[in-house]
**Student:** 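This structure is in structure tokens; I'll ask about it shortly.
When reading the values below, keep in mind they use all heavy atoms of this one structure, side chains included, and skip hydrogens, waters and symmetry mates. Residue numbers begin at 1 in each chain, while the letters A, B, ... track the order of the sequences.
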Amino acid sequence: MASADKPINTDVPEKDVFALHFLQSLSNLRRQNAFNSPDDTTNNRVKKIKKAAYVSMARAAGGTNRLWSRALLRRAAKENNKVVIFSRRKKRVTWLRRSNRRDPVDAERLRNLLPGGGAMETSKLMEETAHYIKCLSMQVKVMQCLVDGLSAK
Amino acid sequence: MSSRRSRQSGSSRISDDQISDLVTKLQHLIPELRRRRSGKVSASTVLQETCSYIRNLHREVDDLSDRLSELLASTDDNSAEAAIIRSLLN
């Protein structure tokens, strides 16, 4: 098969897509009375918000279309003891992972930071990382806007 | 090298050009490296800076989650909704 290089796309959605998903998560939390419940500790509240941030970011960024977001959502669902069914995709050749022994230490560190990074081929790792970074910055911007909006009186 | 390539499943064959392209892309995404306009940056440096950038972003999410938790707990329903909508329309 000719290695016709198809362009690698790492575009992310607009900021309002992230904002919308995050707001939905927050309003769900509010509906469960997660913010005012007296028997919930501050720590739990923060954890819930943090989780909502990551999950909504993964959904906004394309849900199951990216390896990192799939891994993130899978991890979150496992924490909720939910059963997750993903549509069957082309089987990834994960044995390649072992042949990545020529990976420098830095790539290893990166694998540990990126959700699902451990099973990725090095080139895929770079692509997913670029996308992940863009999404993370979007999410941070959204949260910062929210904090600013709520702090201004 | 090429024999290893031919064993890969069809679609995920990526050329060296694309890899260096991705490294360049990463380089442009990381503020720390964008500032150092000193031309060539080694792939190893890009990876290192990528790692610390991701860790920083994670820390920011932690920090902002903290602050959001405080803010959302202390404001009452009506003003919180209004403030949220106001902040995101800007």
**Student:** At what distance, to the nearest 0.5 angstrom, does CG of B:L29 lie from NE2 of A:H131?
**Tutor:**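 Interatomic distance, B:L29 CG to A:H131 NE2, rounded to 0.5 Å: 11.0 Å.
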**Student:** If you measure from CG on B:L71 to CG on A:D148, what distance do you get to the nearest 0.5 Å?
**Tutor:**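 Nearest 0.5 Å value for the CG-CG distance: 10.0 Å.
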**Student:** Under 4.5 Å heavy-atom distance to chain A, tell me which part of B:D21 shows up: side chain, backbone, both or neither.
**Tutor:**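 Contact with chain A: none, neither part.
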**Student:** So if you build clusters from Ile, Leu, Val, Met, Phe, Trp, Tyr with side-chain heavy-atom gaps below 4.5 Å, do A:M138 and A:L20 land together?
**Tutor:**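 Unlinked, A:M138 and A:L20 end up in two clusters.
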**Student:** Is the count of non-hydrogen atoms from other residues, nucleotides or ligands lying under 6.0 Å from B:K25 atom NZ greater than 12?
**Tutor:**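 Enclosed.
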**Student:** Which residue in the set A:N43, A:V46, A:T42 passes side-chain contact (heavy atoms from CB on, under 4.5 Å) when paired with B:D66?
**Tutor:**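 When A:N43, A:V46, A:T42 are each tested with B:D66, the side-chain contact (heavy atoms from CB on, under 4.5 Å) holds only for A:V46.
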**Student:** How about B:S65 and A:Y54: do any of their side-chain heavy atoms sit closer than 4.5 Å?
**Tutor:**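 No, their side chains stay 4.5 Å or more apart.
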**Student:** Contact between A:I49 and B:L72 at the side-chain level, heavy atoms closer than 4.5 Å - yes or no?
**Tutor:**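 Side chain of A:I49 against side chain of B:L72, heavy atoms only: contact under 4.5 Å found.
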**Student:** In terms of heavy-atom proximity below 4.5 Å to chain B, should A:T10 be classed as side chain, backbone, both, or neither?
**Tutor:**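 Both parts, backbone and side chain.
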**Student:** Calculate, to the nearest 0.5 Å, the distance between atoms OG and NZ belonging to B:S69 and A:K47 respectively.
**Tutor:**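 Here the rounded value is 12.5 Å.
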**Student:** Is any side-chain heavy atom of A:L150 closer than 4.5 Å to a side-chain heavy atom of B:L68?
**Tutor:**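 Yes, their side chains come closer than 4.5 Å.
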**Student:** For the side-chain contact (heavy atoms from CB on, under 4.5 Å) test, which of B:L47, B:V46, B:T50 pairs with A:D106?
**Tutor:**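 Among B:L47, B:V46, B:T50, the one that satisfies the side-chain contact (heavy atoms from CB on, under 4.5 Å) with A:D106 is B:L47.
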**Student:** If hydrophobic clusters are built by linking Ile, Leu, Val, Met, Phe, Trp and Tyr wherever their side-chain heavy atoms come under 4.5 Å apart, do A:L26 and A:V17 end up in the same one?
**Tutor:**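 They do not share one cluster, since no chain of ILVMFWY contacts under 4.5 Å joins A:L26 to A:V17.
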**Student:** Quick one: closest heavy-atom pair of A:K50 and B:V61, and the distance?
**Tutor:**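 For A:K50 versus B:V61, the nearest heavy atoms are CG-CG1, 4.2 Å.
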**Student:** Are side-chain heavy atoms of A:I133 and B:L26 found at a separation under 4.5 Å?
**Tutor:**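 In contact.
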**Student:** With a 4.5 Å cut-off on side-chain heavy atoms, are B:L64 and A:Q139 touching?
**Tutor:**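 They are not in contact (no side-chain heavy atoms under 4.5 Å apart), so the answer is no.
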**Student:** Got a second to check how far A:K134's NZ is from B:L57's CG, nearest 0.5 Å?
**Tutor:**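 The NZ atom of A:K134 sits 14.0 Å away from the CG atom of B:L57.
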**Student:** When you compare the side chain of B:I54 with that of A:T129, does any pair of heavy atoms fall below 4.5 Å?
**Tutor:**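 Yes, at least one pair of side-chain atoms sits under 4.5 Å.
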**Student:** What distance do B:E70 atom CD and A:R45 atom CZ have between them, rounded to the nearest 0.5 Å?
**Tutor:**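 Nearest 0.5 Å value for the CD-CZ distance: 9.0 Å.
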